[in-house]
Amino acid sequence: MEKITAVKGMKDILPADAPVWHQVELTARRIFERFGFCEIRVPIMEKTSLFQRSIGETTDIVEKEMYTFCDRDDELLTLRPEATASIIRAYIEHNLAGVEPVTKLFTIGPMFRRERPQKGRFRQFHQIDVEVFGDNSPASDAEVIFMLMHFLKETGLTELSLEINSLGCGTCRPAFSQAVVDYLKGSEEALCPDCRRRIVTNPLRVFDCKVETCASVIDGAPRIPDYLCPDCNEHFSTVQSLLADLQLDFALNPKMVRGLDYYTKTAFEVKSGALGAQNSLAGGGRYDGLVRFLGGPDVSGIGFGIGMERLIACLPSGAESAGRTDLFIAALGSRAQKRGFRLTHELRAAGIAAAMDYGDKSLKSQMKRADKLNSAYTLILGDKEIDEQRAELRDMSTKQQQSLPLKDIAQALMNILKER
RNA sequence: GUGGGUGUAGCUCAGCUGGUCAGAGUGCCGGGUUGUGGCCCCGGAGGUCGAGGGUUCGAACCCCUUCACUCACCCCA
């Protein structure tokens, strides 16, 4: 029979890996809540038009990477390729703008993009996503960036580099875009085929082409900072000084562009070495016109996404120990099995991690099992002990054993285990 | 979608110029201890050598096809 495997680019998170994921999520919740963010959970599927409108019809994501299918009633649905659009949809749909002036949200979950998998890139991947609505102050930018960096450090990451840029707004970006297009058209011959195509599709993308000849062409290109309008300029310089006040190291990267159409003003990205070609751990920026564009109130927005697989790949490989077991009950004989089963569950119900083997195994084999489970104690309970109304409790690290009366043994064990 | 690399035991991998080449380590199970774990010793289970076809007296090894995984490009978290 043909073996059924997981879908390409979709990974199982096995029991051995789950603790790390759990830890990262826990850290995110703890820190984000401290900064005043609330969790929101949104569906992983939306109507296709939501993504078409928010991300941009001509972006790669919408053009060729979405998992889109026709529902039974002929409606087009899409597995979310990112979280921002869904959160904005929910924000508008439930009129969260009316609840409070500034809304600070985060969500954690899977995203889907149908790309060719490679290191740090999967078709189902997980993001920690943060959004702030209703605050257009540069302080909001600095707060969000600071929180991102603080969180990443808190998970145990080092060697992070933060890059920021301003992409301008609706009044100043078009002029810049046009200037870049004009410039590139002048030196089209020197560009790689990809970049020649980009002049039409996404001119700003030429800025981070890796081909050397393109890079030298782009060195002489117009630069965003020279084109920012007074408002954007002022906003960006305030963001920088606030970040400096917060003692945050960052690098200005005027070549940084972002793939999604909706970004305005501040854009930022966190990179890490030792990740392979896909070295961007997190990225985000401001999107001041988007909520309104999607039919909501005219509120500003800023947010970022963190790639969890990439983050975890960067984490120092601290061998997290397996789950702990407080007590292993080694039962010998059928009466002992029955008594042990009852005791195991009495203890579990009382909050103790108790384990036992249900097979008819030798004591040696059960001791091995207890050892494998990293059990603190083993309770040896044979039919012999049942006859004598007692049980042997062995401390697995000191090898010391004591005899306990079977009467009220659950309570006695709980007292002993609580002392640890 | 395009290009490179790799497919042998649950896992990590040996396997020479085609001729005992179906192997090691680890993990799993059992024994050495009539009822006591880790270390050590011994034994056992487990593989259509990714799949299909071809060359040959003979293929894990050579050729073709195909699939999967992986890395990179495009693009992004």
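Model, not experiment: these values are computed from the prediction. Letters go in sequence order (proteins before strands), and every chain restarts at 1. Note that these values count all heavy atoms, side chains included, but never hydrogens, waters or copies made by symmetry.
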Whole angstrom value for the distance that separates C1' of G35(B) from CG of L379(A): 14 Å

Spacing of the C1' atoms in A14(B) and U6(B) (rounded, Å): 16 Å

Between CZ of R116(A) and P of G5(B) the distance, given in whole Å, is 14 Å

Checking A77(B), U36(B), G38(B) against the side chain of I380(A) (C-beta onward), the nearest is U36(B)

For K361(A), which contact category applies under a 4.0 Å heavy-atom criterion: base, sugar-phosphate, or nothing? sugar-phosphate

When the C1' atoms of A45(B) and A9(B) are considered, how many whole Å apart are they? 11 Å

Whole angstrom is fine here: how far is it from CG in L14(A) over to P in G27(B)? 19 Å

Any side-chain N or O of K368(A) below 4.0 angstrom from OP1/OP2 of G31(B)? no

Does this structure show an ion pair linking E392(A) with R394(A), if we count only N-O contacts that are shorter than 4.0 Å? no

Return the nearest nucleotide to the side chain of L332(A); candidates are A77(B), G30(B), G35(B). G35(B)

It should be established whether S365(A) places a side-chain nitrogen or oxygen under 4.0 Å from OP1 or OP2 of nucleotide G30(B). yes

Give the nucleotide from the list C71(B), G35(B), C73(B) with an atom nearest to the side chain of K119(A). C71(B)

Once hydrogens and angles are ignored, does a donor-acceptor distance under 3.5 Å link the base of G30(B) to the side chain of K364(A)? no

Expressed as a whole number of angstroms, how long is the span from D357(A):CG to C28(B):P? 14 Å

So what does A370(A) touch, heavy atoms closer than 4.0 Å: a base, only the sugar-phosphate, or nothing? nothing

Short side-chain N/O contact to A72(B) OP1/OP2 from Q118(A), under 4.0 Å: yes

Rounded to whole angstrom units, what separation is found between the CG atom of D395(A) and the C1' atom of U36(B)? 14 Å

With rounding to the closest Å, how many angstrom separate the P atoms on C62(B) and C49(B)? 15 Å

Complementary nucleotide for C62(B) - Watson-Crick or wobble, under 3.5 Å: G54(B)

Assess whether atom CZ of R34(A) is packed by more than 12 heavy atoms of other residues, nucleotides or ligands within 6.0 Å. yes

Between C41(B) and U48(B) - P atom distance, rounded Å: 30 Å

As its Watson-Crick or G-U partner within any shown strand, both distances under 3.5 Å, A45(B) has none

What integer number of Å spans the P atoms of U65(B) and C71(B)? 25 Å

Whole angstrom value for the distance that separates C1' of G50(B) from NZ of K8(A): 14 Å

Atom P, compared across A60(B) and G7(B): separation rounded to whole Å: 15 Å

5′-ward residue of the pair K64(A)/K372(A) relative to RNA chain B: K372(A)

For a quick check of understanding: with a heavy-atom distance under 4.0 Å over all strands, which category does E385(A) fall into, base, sugar-phosphate or nothing? base

Using a cut-off of 4.0 Å on non-hydrogen atoms, how would the nucleic acid contact of Q278(A) be classed: base, sugar-phosphate, or nothing? base

Looking for any heavy atom pair under 4.0 Å, which part of the strands does R369(A) touch: base, sugar-phosphate only, or nothing? nothing

Criterion ring-ring contact (aromatic ring centres under 6.0 Å, His included) on Y91(A) and F133(A), from CA distance to verdict: CA-CA 9 Å; Y91(A) 174 81; F133(A) 300 111; 4.3 Å; yes

Would you kindly give the CE-to-P distance between M367(A) and G30(B), to the nearest whole Å? 15 Å

For E309(A), the option from Q127(A), H126(A), K11(A) that meets side chain to side chain donor-acceptor pair (under 3.5 Å): H126(A)

Considering every strand and a 4.0 Å limit on heavy-atom distances, what is the contact class for F304(A): base, sugar-phosphate, or nothing? nothing

Contact class for I128(A) vs. all strands (heavy atom < 4.0 Å): base, sugar-phosphate, or nothing? nothing

Under-3.5 Å donor-acceptor pair between Q401(A) side chain and U36(B) base: yes

Whom does C39(B) pair with, Watson-Crick or G-U wobble, provided both distances fall under 3.5 Å? none

Between G27(B) and A68(B), how many Å separate the two C1' atoms, rounded to a whole number? 25 Å

Starting from C1' on G35(B), measure out to CZ on R394(A) and report it in whole angstrom. 12 Å

Any donor and acceptor pair, going by atom type alone, linking the side chain of Q389(A) with main-chain N or O of I386(A) inside 3.5 Å? yes

Please give the distance between the C1' atoms of U70(B) and G31(B) as a whole number of Å. 42 Å

Touch check for E309(A), heavy atoms < 4.0 angstrom, all strands: base, sugar-phosphate only, or nothing? nothing

If the plane angle is over 60° it's perpendicular, under 30° parallel, otherwise tilted; pick one for F151(A) and F32(A). tilted

Both distances below 3.5 Å, Watson-Crick or wobble geometry, any strand: find the nucleotide opposite U2(B). A72(B)

Pick the nucleotide of RNA chain B nearest each of Q127(A) and P117(A); which residue has the one closer to the 5' end? P117(A)

Should R335(A) and D387(A) count as an ion pair when the cut-off is N to O under 4.0 Å? yes

Does one side chain, of T325(A) or S375(A), offer a donor that lies under 3.5 Å from an acceptor on the other? no

